[in-house]
2 protein chains.
Amino acid sequence: MHYDAHTTVDDTTLQRALATFKQTLHDRGLRLSTVREAIARVALRYDGHFEVNDLMRALRAANVQDAHLATVYRTLPLLVESGLIQPTLLSSSERHFYEPAFERKHHDHLICTSCGRVVEFEFEAFEVLQRDIAERYGFELTAHFHELLGRCASCRAAASR
Amino acid sequence: MHYDAHTTVDDTTLQRALATFKQTLHDRGLRLSTVREAIARVALRYDGHFEVNDLMRALRAANVQDAHLATVYRTLPLLVESGLIQPTLLSSSERHFYEPAFERKHHDHLICTSCGRVVEFEFEAFEVLQRDIAERYGFELTAHFHELLGRCASCRAAASR
DNA sequence: CTTCCTGCAAAGGCTTTGCAAAGCT
DNA sequence: AGCTTTGCAAAGCCTTTGCAGGAAG
């Protein structure tokens with residue numbers, strides 16, 4: 001999968017994220033174990049969107065040999081709850097995808113159905129309209145998913161050749 | 001799952017839909033078998049969003065005893081390709097959801113995370129903005145998913161009591 | 001020490017697939 | 001006849017869970 005380059009979290013942000021994680025865990029009577037911290041670090045620094053297997057691979061690449069698949073599955077919801085990552089790319093719904101989310105600005109996705117490229121976009125007008133719609137129906141918005149599917153410029157060029 | 005009342009397809013629309021289905025199948029060297037037609041009818045007339053098991057139940061209710069689960073799984077992509085139904089409700093991504101789509105106006109969904117109510121909305125301004133965004137990035141849009149999650153008025157009222 | 005965590009293995013749930021019989025055209 | 005379609009059963013895949021030993025505070 002391709003995606004535009006992101007900036008990976010810097011060290012101080014990472015520390016803040018871990019502190020947040022620890023706090024969330026603590027509030028629930030849970031602990032920030034060695035394994036959980038390792039998983040959190042790798043997930044937070046992941047460049048782009050990932051699913052469980054990608055994360056496993058990244059963990060192995062980071063020499064975290066001892067993070068078992070089942071543990072990763074158990075940790076992911078905690079990372080989401082703590083706001084370190086968020087579920088995303090729903091329309092590729094064969095698997096569950098995530099992306100780093102800690103202190104990252106909200107954005108949505110433009111996905112090329114031909115080459116898989118993912119472009120992130122943000123557009124305040126959407127947010128405003130969404131709030132309007134929600135209000136119109138008496139809803140209090142808590143989240144939204146917005147994915148645009150299509151063909152990117154290069155795939156279109158390739159096709160018309 | 002709750003949803004606002006929809007109008008179910010009338011008979012002439014259903015006939016048109018079946019003709020479309022037959023055409024799509026024919027174009028691919030496939031046939032409109034008895035079972036496929038039965039599945040198409042029930043799916044098209046389904047009131048609201050459904051997943052495979054819902055459809056199985058509806059088939060049984062319609063006395064279509066002979067539609068095997070595997071056959072339904074094989075038929076669904078064909079129905080999507082023909083435009084009779086469309087995948088939807090992605091954020092409940094545990095399962096694959098669909099809804100009737102033939103000659104239905106495009107709409108998106110507002111979903112109450114507390115009671116599950118689904119409200120359909122359409123708002124031209126979104127469509128325009130989406131096209132703008134896509135163009136800005138050189139994309140040619142083919143589809144989009146847009147789901148707003150929140151709490152509906154009655155759940156909010158219940159919570160504040 | 002007491003509670004939580006983790007690896008392991010097994011189970012679960014949804015979906016897909018191989019195959020032989022049945023169905024169309 | 002020659003093809004597609006289907007039921008059936010088995011396999012596949014991702015994800016969850018029970019458990020017993022290990023880790024953490």
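Treat the numbers as computed from the prediction; the structure is a model and nothing was measured. Labels below follow one simple rule: chain letters A, B, ... track the order of the sequence lines, proteins then strands, and each chain is numbered from 1.
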Colleague: Give a yes/no answer on whether the side chain of B/T75 brings an N or O atom under 4.0 Å of OP1 or OP2 in D/dT5.
Modeller: no
Colleague: Can you say whether the rings of A/H146 and A/H144 are parallel (under 30°), tilted (30 to 60°) or perpendicular (over 60°)?
Modeller: perpendicular
Colleague: So, is A/H96 near the phosphate of D/dT15, with a side-chain N or O under 4.0 Å from OP1 or OP2?
Modeller: yes
Colleague: Just the rounded figure in Å: distance from C1' of D/dT4 to CG of B/L32.
Modeller: 13 Å
Colleague: Let me spell it out: for each of A/N53 and A/R74, pick the nucleotide of DNA chain D with the closest heavy atom. Which residue's pick is nearer the 5' end?
Modeller: A/N53
Colleague: Validate the cation-pi geometry between A/R136 and B/F123: distance from NZ or CZ to the six-membered ring centre under 6.0 Å, angle to the ring axis within 45°.
Modeller: yes
Colleague: Count I, L, V, M, F, W, Y as connected when their side-chain heavy atoms are under 4.5 Å apart, and connections chain through other members. Are B/L30 and B/Y73 then in the same cluster?
Modeller: yes
Colleague: Assess, by modelled atom type and distance only, whether the side chains of A/D11 and A/Q15 contain a donor and an acceptor separated by less than 3.5 Å.
Modeller: no
Colleague: Choosing from D/dA24, C/dT6, D/dT6, which nucleotide comes nearest the side chain of A/V35?
Modeller: C/dT6
Colleague: With no hydrogens and no angle check, just 3.5 Å: does a side-chain donor-acceptor pair link A/H107 and A/E99?
Modeller: yes
Colleague: Find the distance A/E37:CD to D/dA24:C1' and express it as a whole number of Å.
Modeller: 14 Å
Colleague: Nearest to the A/Y73 side chain among D/dT15, D/dA24, C/dC5, which nucleotide is it?
Modeller: D/dT15
Colleague: Output the single nucleotide from D/dC8, D/dT4, D/dT15 whose closest atom is nearest the side chain of A/V52.
Modeller: D/dT15
Colleague: Round to a whole Å and report the spacing from CG of A/D54 to P of D/dC14.
Modeller: 11 Å
Colleague: Tell me the interatomic distance from A/I39, atom CD1, to C/dT6, atom P, rounded to whole angstroms.
Modeller: 7 Å
Colleague: Tell me: CG of B/L55 to C1' of C/dT15, nearest whole Å?
Modeller: 15 Å
Colleague: Can you check whether B/R36 has a side-chain N or O nearer than 4.0 Å to OP1 or OP2 of D/dT6?
Modeller: yes
Colleague: Could you pick out which residue, A/G29 or B/K22, lies toward the 5' side of DNA chain C when each is mapped onto its nearest nucleotide?
Modeller: A/G29
Colleague: Within the structure provided, determine whether A/F21 and A/L44 are in side-chain contact (heavy-atom separation under 4.5 Å).
Modeller: no
Colleague: Which atom pairs link the protein and nucleotides 9-13 of chain C when you take only N or O atoms and keep those under 3.5 Å?
Modeller:
none

Colleague: Which whole-number value in Å describes the distance from A/L69 CG to D/dT17 P?
Modeller: 14 Å
Colleague: Ignoring hydrogens and angles, state whether a donor on the side chain of A/H109 or A/H49 is under 3.5 Å from an acceptor on the partner side chain.
Modeller: yes
Colleague: Do B/Y98 and B/L69 sit in the same hydrophobic cluster, where Ile, Leu, Val, Met, Phe, Trp and Tyr count as joined when their side-chain heavy atoms come under 4.5 Å apart?
Modeller: yes
Colleague: So, OP1 or OP2 of D/dA24: does either fall under 4.0 Å of a side-chain N or O from A/T34?
Modeller: yes
Colleague: Is there a side-chain polar atom (N or O) of B/S33 under 4.0 Å from OP1 or OP2 of D/dT6?
Modeller: yes
Colleague: Would you kindly give the CE-to-P distance between A/M56 and C/dC8, to the nearest whole Å?
Modeller: 10 Å
Colleague: Return the nearest nucleotide to the side chain of A/R31; candidates are C/dT3, C/dT16, C/dC19.
Modeller: C/dT3
Colleague: Can you check the A/L25 CG to C/dC5 P distance for me, whole Å?
Modeller: 8 Å
